[in-house]
Amino acid sequence: MAFLCRSAAVLLKPCSRAPAAMSALSAARLYSSGGQYEYILVDKRGEKNNVGFIQLNRPKALNALCDGLMTELGRALDSFEADADVGAIVLTGSDRAFAAGADIKEMQNRTFQECYGGNFLAHWNRVSTVRKPVIAAVNGFALGGGCELAMMCDIIYAGEKAQFGQPEILLGTIPGAGGTQRLTRAVGKSLAMEMVLTGDKVNAHEAKQSDLVSKVYPVDQLVSEAVKCGEKIAANSKLVSSMAKEAVNAAFELTLAEGNRLEKRLFHSTFASSDDRKEGMTAFVEKRKADFQDN
């Protein structure tokens, strides 16, 4: 959540507060009509234009996560959720920084009453509630809120020069957007404690060894590889992909017995509610490529 360091805070310029989050339908209209965003770039990628693409775009502030940016990110995610052609979403930043943290200038004068009463940072969780799979392509710094944002995604690919960290302790606070929870689940208690209590960073290869990221690529190949992963996911049934994502995420919330029961219910439901299940199995038996219709 915290920015890279105190000295880097001079790079930040507070962004104006964006309008309240739009409905999915309104966001879809904005997206389809080519509406512009101030703090992010939004596009569709892949040979079939079936991968939603969001790039954080505050380069002078190392993509610091101001309120306006996070509001726009929620709107873009809503638009891709409503887009029937999109089967996966890639979220990235620049080669220098995925996101170097939250905008400290926006939060430095907040009071406890403002934070608690307004449920500060609650809307950041939108990334973690998207039903479609989200892939984070992380180059450069992913610190504080940037690391937390990456961990809200379903898959993390890292560029070779990526650095991950939770340096909030150096600013006299703690992570507030899931850093202590998701990091511990990803890398284990010891490393998470070390990172949170010291503010130290880990590089891309250390992140791979500790299971924080799934793959590491050269900087100039990272985004294209993330899009390729998105294309693979989007080629499958979107309905079944959402079920699979729900089942995997449940492993972090439920006991093994409860998780297995949920998995079985979702598995059984594909036989009742999904024509794609029948098509997939029939295509396998007939030795042809499945033609999923997302139903």
Problem - Residues, nucleotides or ligands: over 12 heavy atoms within 6.0 Å of K245 NZ - result: yes

Exercise for the section: Kindly indicate whether the side chain of F271, heavy atoms from C-beta on, has any atom under 4.5 Å from the side chain of M281. Expected result: yes

Practice task
State yes or no: do V51 and V223 share one hydrophobic cluster built from I, L, V, M, F, W and Y residues joined by side-chain heavy-atom distances below 4.5 Å, directly or via other members?
Solution key: yes

Problem - NZ/NE/NH1/NH2 to OD/OE distance under 4.0 Å, K161 and D95 - result: no

Handout entry: L73 side chain reached by L91 side chain, heavy atoms, under 4.5 Å
Key = yes

Exercise for the section: Flag yes if more than 12 heavy atoms outside M193 fall under 6.0 Å of its CE atom; otherwise flag no. Expected result: no

Problem - Between CD on residue E81 and CZ on residue R126, distance to nearest 0.5 Å - result: 5.0 Å

Handout entry: Under 3.5 Å donor-acceptor, Q163 side chain and V202 backbone
Key = no

Fill in the blank from the handout: Distance col, row S128:OG vs M151:CE, nearest 0.5 angstrom, shows 11.5 Å

Practice task
Would you give the length of the straight line joining atom CG of L41 to atom CD of Q36, rounded to the nearest 0.5 angstrom?
Solution key: 9.0 Å

Problem - Full working for side chain to side chain contact (heavy atoms under 4.5 Å, CB included) between L191 and L183 - result: CA-CA 9 Å; L191 181 56; L183 185 63; over 6 Å; no

Exercise for the section: Taking E148 for its side chain and G179 for its backbone only, find out whether a donor-acceptor pair lies under 3.5 Å. Expected result: yes

Practice task
Would you check, one step at a time, whether the test side chain to side chain contact (heavy atoms under 4.5 Å, CB included) holds for D154 with N249?
Solution key: CA-CA 9 Å; D154 302 301; N249 281 333; 4.1 Å; yes

Fill in the blank from the handout: Here the gap from D220 atom CG to E225 atom CD, rounded to the nearest 0.5 Å, amounts to 10.0 Å

Handout entry: Test: E279 and R288 ion pair at under 4.0 Å
Key = yes

Handout entry: Cation over ring face, R45 and F53, 6.0 Å, 45°
Key = yes

Practice task
Heavy atoms only: give me the nearest G52-V86 pair and the separation to one decimal.
Solution key: N-CG1, 3.6 Å

Problem - Chi angles and distances behind the side chain to side chain contact (heavy atoms under 4.5 Å, CB included) call for V213, V138 - result: CA-CA 9 Å; V213 308; V138 177; over 6 Å; no

Handout entry: S242 side chain vs K132 backbone, donor-acceptor pair below 3.5 Å
Key = no

Problem - Whether E258 side chain and T255 backbone form a donor-acceptor pair below 3.5 Å - result: yes

Handout entry: E168 side, atom CD; L143 side, atom CG - distance, nearest 0.5 Å
Key = 9.0 Å

Exercise for the section: State plainly whether one hydrophobic cluster holds both I233 and V134, where clusters connect Ile, Leu, Val, Met, Phe, Trp and Tyr through side-chain heavy atoms under 4.5 angstrom apart. Expected result: no

Exercise for the section: Search all heavy atoms of G87 against all heavy atoms of P133 and return the closest pair with its distance. Expected result: O-CD, 3.6 Å

Exercise for the section: Could you tell me the separation between the CZ atom of F141 and the NZ atom of K201, rounded to the nearest 0.5 Å? Expected result: 6.5 Å

Handout entry: Within-4.5 Å side-chain heavy-atom neighbours: F80 and V130
Key = no

Practice task
Work out which heavy atom in S269 is nearest to a heavy atom in M243; give both atom names and the distance.
Solution key: OG-CE, 3.6 Å

Problem - hydrophobic_cluster_shared for L212 and I135, side chain cutoff 4.5 Å - result: no

Completion exercise
Between C66 and R58, the two heavy atoms sitting closest are CB-NH1, 3.4 Å

Handout entry: Hphob cluster co-occupancy, M70 + Y37, side-chain heavy atoms under 4.5 angstrom
Key = yes

Problem - Within 6.0 Å of CD in E47, more than 12 heavy atoms from elsewhere - result: no

Problem - I174 side chain near V196 side chain, heavy-atom distance below 4.5 Å - result: no

Problem - Closest non-hydrogen atom pair, A235 against F292 - result: O-CD1, 3.5 Å

Exercise for the section: I would like to know whether L65 and L56 meet side chain to side chain contact (heavy atoms under 4.5 Å, CB included); could you show each step before the answer? Expected result: CA-CA 9 Å; L65 304 175; L56 308 183; 4.0 Å; yes

Practice task
With F98 as reference, evaluate L62, L149, N139, N63 under the side-chain contact (heavy atoms from CB on, under 4.5 Å) test and give the passing residue.
Solution key: L149

Handout entry: Pair E231 + K228, salt bridge at N-O below 4.0 Å
Key = no

Handout entry: Among N49, N50, D83, side-chain hydrogen bond (donor to acceptor under 3.5 Å, both in side chains) partner for K44
Key = D83

Exercise for the section: Group every Ile, Leu, Val, Met, Phe, Trp and Tyr by side-chain heavy-atom contacts under 4.5 Å, then state whether V127 and V227 land in the same group. Expected result: no

Handout entry: Polar side-chain atom of R185 near backbone of Q181 as donor-acceptor pair, under 3.5 Å
Key = yes

Handout entry: Side-chain heavy-atom pair C229, I155 within 4.5 angstrom cut-off
Key = yes

Exercise for the section: Decide yes or no for N236 and D276: does some side-chain heavy atom of the first lie under 4.5 Å from some side-chain heavy atom of the second? Expected result: no

Exercise for the section: Please confirm whether the backbone N or O of Y39 pairs with a side-chain atom of E72, one donor and one acceptor, at under 3.5 Å? Expected result: yes

Problem - Shortest non-hydrogen separation from A204 to V216 and the atoms involved - result: O-CG2, 3.7 Å

